[in-house]
Amino acid sequence: MAGASPFDYGVYHFRRTVELAAAPSSFLIHVTADNRYKLYINGDMVSLGPARGDLYHWRYESVDIARHLKPGKNVIAAVVWNFGAHAPVAQITNQAGLLVQGDSAAERVVDTGKQWKAIRDEAFEAAPPDPEMSRFYYVAGPGDRVDANRYPWGWEQAEFDDSGWPAAAVGSAGAPRDSQDGPNRWMLVPSSIPPMELKPQPITEIRRVVTNPAPAGSNSALSFLPHTFLPHTRATVLFDQRFLTTAYPQLTVSGGKGAKIEIGYAEALWLPGFQDKGNRNEIAGKDFIGARDIFIADGGRERRFEPLWWRTWRYLRLSIETHDEGLVIDDLRGVYTGYPFERKARFDAGSHELEKILEVGWRTARLCAHETYMDCPYYEQLQYAGDTRVQSLVSLYMTGDGRLVRNAIELLDSSRTAEGATYSRAPSRLQQYIPPFSLWWIGMLHDYWMYQNDPAFVARMLPGVRAVLSFFAARQRPNASLGRLPWWNFVDWTKEWASGVPPASGDGSSAPVDLQLLLAYQWAAEMEAGLGSQALASEDRQAAGRLHDAARELYWDAGRKLFADTPDKRAFSQQANALAVLAGVTEGAEAKDLIERVSADNGALVQCSIYFRHYLHSAMNKAGAGDRYLDMLGIWRTMLDRGLTTWAETADPTRSDCHAWGASPNYELFRTVLGIDSAAPGFRRVMVRPYLGKLTHASGAIPHPRGEIAVSLTLDGGKLEAVVTLPAGVEGKFEWHGQTRDLRSGENHLTL
């Protein structure tokens, strides 16, 4: 690695040969790197990571590699890369490096040290996206440009000759986060999430081939490949996955020395001018722009290119330029990757449309969940608190797996500054603050407390809750309303609100922000009372009471019977009124009348975006207007009609075609239609309060910390027949049109 700076862009290969007298029954190692690594044992990939974090919580993976070892010579190898200045904003870094350590004395034969060899791979360069992508906020990292003529083919295999490789440079030792003195900036903690899923995913359809001479045949990739491109040919081949995916593309080529193959990735094709995408299934008259990788062929047989990081695409385009030698595209396929969520929830209402909405929502949620949640897998790959709260609820209802939720709460908590606010997103190389998102972080912790049985973790996060509230308390005016806040006070994407910031009076008063603070005080009071300080719970309740009264006085317009956005009562929004219902500033018949009028409004009020529909629909549920929910899915129906296979960031025209904050139906169909909700921390008690709307039958189930909650509902002639099955030791209530019944563990048969 002579002359290479560990702080700059670089791709490195490491190897270590060890001799074993016998194949072990277990062989546990711990591994991490900066930025990233892929670890191989005798040519088999056994781990990749580290799971994203920050320097104060640098993750390492623990892997039992025994089944990959054999008696005699074994080779442990790793590719490590540091994207340097090109790194995605979500990627924290110190400097390039690799750490491997055996768990016991016998296993420490593999420890990184002077016995390891390493080279810098000069085949790699960063490949920026298409220049047209500068129209959009794109911070997901570079593509790879790989010159196969310079690549050390077979470097990870046991038989590779590394005699010419120099010894790796040995840096400072690694140390756990709680060590007395840290030897470097990496404070090591074990990864708290499982390895990412890796699953083969074929690419089967070709939509367009432009070459001379034109090929004959069908649009099947299986019949097209392998395909030979003649010398001195320029060609493009447009593949259609038919749905959006996150995957490692694998391209295999033979021959074609010097040929250039550019692999482009797009969520959809764009209409001229790049302002809209139209129907995502249509390609005629549209342009392709996107992220890209570049591979330069060396003429060898069956050379396989796979990028260092996964890519996002529905449409994948090969742009090929050959020189004096023909090029064979042997194969092109994908390996899907994402957090290994397992869908456990089920829903059946005899509606193909609702099944499709759940299918698309589930795909959206999965593509936005990797080592962290992500706002979007294509453009940013950043874990924003506002997005993540909705994503977390979807995960908990669909899977019951709270590990990624917990990981998100920890990462956002560790981003807090001395002032008390969290970053808007974490991990992030660049500081960005959205104060209302710190409040949604408190909501996320409260959600986790209610749906997961993990009180010790929630109690450990309470100091962070107190710090966030102190940030806001310092900025409240004598009447309890907030004054002007620093940074970016985003609430929702609407065309009327510049940069998503709601209107505020000259002194800073803004109902959407005040009401989010009110909710946070209420959540904090409940958690303090259950797990923390009774004195602080009392203080939070008092602060909530003062703000509750102030919000009613400042924002309620008695004439219009609406909550205004500002005290002058000139601006009104669905957002402010939904939050007022959720925060209990209006209750009972008034709240139900309010939310029914607000949800039916189609223009007089500022409308909630796809994202904030979650809060509008939650307010409908709370106010007893949940029967309207199924009539509120128009924006999702429109996206289906336009060929989307995941939910978009906003209504068209939109930048991102995949934002999991739009997957709220995968929560609401269970929480509102089937009516299943937690009624006590840890889901110790259950409330079932269904809203069938126009349905006459619905059934389904969600996972529970102790098993499963199943509900079956049949409405006939105004009479409801319900069967509710609760796990052992769990009880609750069933409510239907003002009637309530007790629920016991086991199967409950009800007629109302």
Side-chain angles (χ1 to χ4, degrees), residues 192-194 341-345 373 388-410 412-413 440-466 519-534 536-537 540-541 582 618 621-622 666-668 670-672 674-690 700-711 724-735 740 742-748:
S192 59
I193 59 174
F341 277 128
E342 178 185 354
R343 177 176 174 174
K344 295 181 178 179
Y373 289 107
T388 301
R389 186 178 181 222
V390 180
Q391 292 168 288
S392 296
L393 289 167
V394 171
S395 298
L396 294 174
Y397 265 70
M398 295 293 291
T399 75
D401 185 343
R403 290 173 291 180
L404 198 61
V405 183
R406 176 176 166 142
N407 185 64
I409 292 169
E410 287 183 307
L412 286 159
D413 180 61
W440 288 144
W441 174 79
I442 296 175
M444 192 191 317
L445 181 64
H446 186 271
D447 296 337
Y448 183 82
W449 180 49
M450 293 297 290
Y451 294 110
Q452 294 282 290
N453 184 23
D454 194 2
F457 171 76
V458 178
R460 184 160 60 85
M461 292 293 108
L462 285 180
V465 173
R466 297 162 191 159
L519 282 165
Y521 275 129
Q522 293 167 349
W523 292 322
E526 292 178 12
M527 290 187 287
E528 291 284 8
L531 300 170
S533 162
Q534 294 300 323
L536 291 177
D540 289 338
R541 283 193 291 267
L582 291 173
S618 294
N621 182 304
K622 180 174 181 177
N666 288 62
Y667 162 67
E668 292 293 354
F670 299 93
R671 202 278 297 259
T672 295
L674 292 182
I676 307 169
D677 205 355
S678 173
F683 228 150
R684 294 193 308 270
R685 287 187 58 80
V686 173
M687 168 60 78
V688 180
R689 186 174 66 164
I702 68 166
H704 181 277
R706 296 188 180 185
E708 179 183 85
I709 301 170
V711 174
V724 179
T725 306
L726 301 184
V730 178
E731 298 181 344
K733 292 282 187 183
F734 187 96
E735 182 177 323
T740 60
D742 290 331
L743 296 173
R744 306 300 181 192
S745 59
E747 193 169 283
N748 298 262

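Position 1 is the first residue of the sequence; numbering continues from there. The structure presented is a predicted model; accordingly, all values stated were derived computationally and were not measured.
Between the CG atom in D401 and the CD atom in Q452 there is a gap of 7.5 Å [rounded to 0.5 Å]. Rounded to the nearest 0.5 Å, atoms CD (Q391) and CE (M398) are 14.0 Å apart. With rounding to the nearest 0.5 angstrom, the CD atom of Q522 is 11.5 Å from the CE atom of M527. Here T388 contributes atom OG1 and L404 contributes atom CG; the two are 8.5 Å apart, rounded to the nearest 0.5 Å. Taking CG from L445 and CG from D413, the interatomic distance works out to 8.5 Å, rounded to the nearest 0.5 Å. For the atom pair M444 CE and L393 CG, the distance stands at 9.0 Å (nearest 0.5 Å).
The shortest distance between side-chain heavy atoms of Y373 and V405 falls below 4.5 Å. At a threshold of 4.5 Å between non-hydrogen side-chain atoms, the residues F734 and V724 count as touching. E342 has its side chain out of reach of T399: every pair of non-hydrogen atoms, C-beta onward, lies at least 4.5 Å apart. The closest side-chain heavy-atom distance from I709 to L726 is below 4.5 Å.
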**Report entry** Evaluation steps, side chain to side chain contact (heavy atoms under 4.5 Å, CB included), between D742 and K733
**Finding:** CA-CA 5 Å; D742 290 331; K733 292 282 187 183; 2.5 Å; yes
Query raised in the report: Can you check side chain to side chain contact (heavy atoms under 4.5 Å, CB included) on S618 and E668, steps first, answer last?
Result: CA-CA 8 Å; S618 294; E668 292 293 354; 3.3 Å; yes
Query - side chain to side chain contact (heavy atoms under 4.5 Å, CB included) between W441 and V465, intermediate numbers included - result: CA-CA 9 Å; W441 174 79; V465 173; 3.8 Å; yes
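Nearest heavy atom pair, residue P703 against residue A345, reads CD-N, 4.2 Å. Nearest heavy-atom pair across L536 and S533 is N-OG, 3.0 Å. Across all their heavy atoms, A537 and A525 have their closest contact at CB-O, 3.6 Å. Nearest heavy-atom pair, A701 versus L674, reported as atom, atom and distance to 0.1 Å: N-CD1, 4.3 Å. Smallest separation of non-hydrogen atoms from R403 and I193: O-CG2, 4.1 Å. Closest of all the heavy-atom pairs between D540 and A524 is OD2-CB, 3.5 Å.
For the ring pair (Phe, Tyr, Trp, His ring centres under 6.0 Å) with Y397, the lone residue among Y451, F683, F341 that qualifies is Y451.
Here the side chain of R685 pairs no donor or acceptor atom with the backbone of M687 at under 3.5 angstrom.
A salt bridge does not link E708 with K344: every distance from a Lys NZ or Arg NE/NH1/NH2 to an Asp or Glu carboxylate oxygen is 4.0 Å or more. Under 4.0 Å is where a charged nitrogen must lie from a carboxylate oxygen, and between D677 and R689 no such pair does.
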Side-chain polar contacts of residues 454-462 - donor-acceptor pairs under 3.5 angstrom, sequence neighbours left out - could you list them?
| unit_1 | atom_1 | unit_2 | atom_2 | d |
| --- | --- | --- | --- | --- |
| D454 | OD2 | R406 | NH1 | 2.5 |
| D454 | OD2 | Y448 | OH | 2.6 |
| R460 | NH2 | E410 | OE2 | 3.2 |

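Taking the salt bridge (Lys or Arg N to Asp or Glu O under 4.0 Å) definition, one finds that E526 meets it with nothing, sequence neighbours left out.
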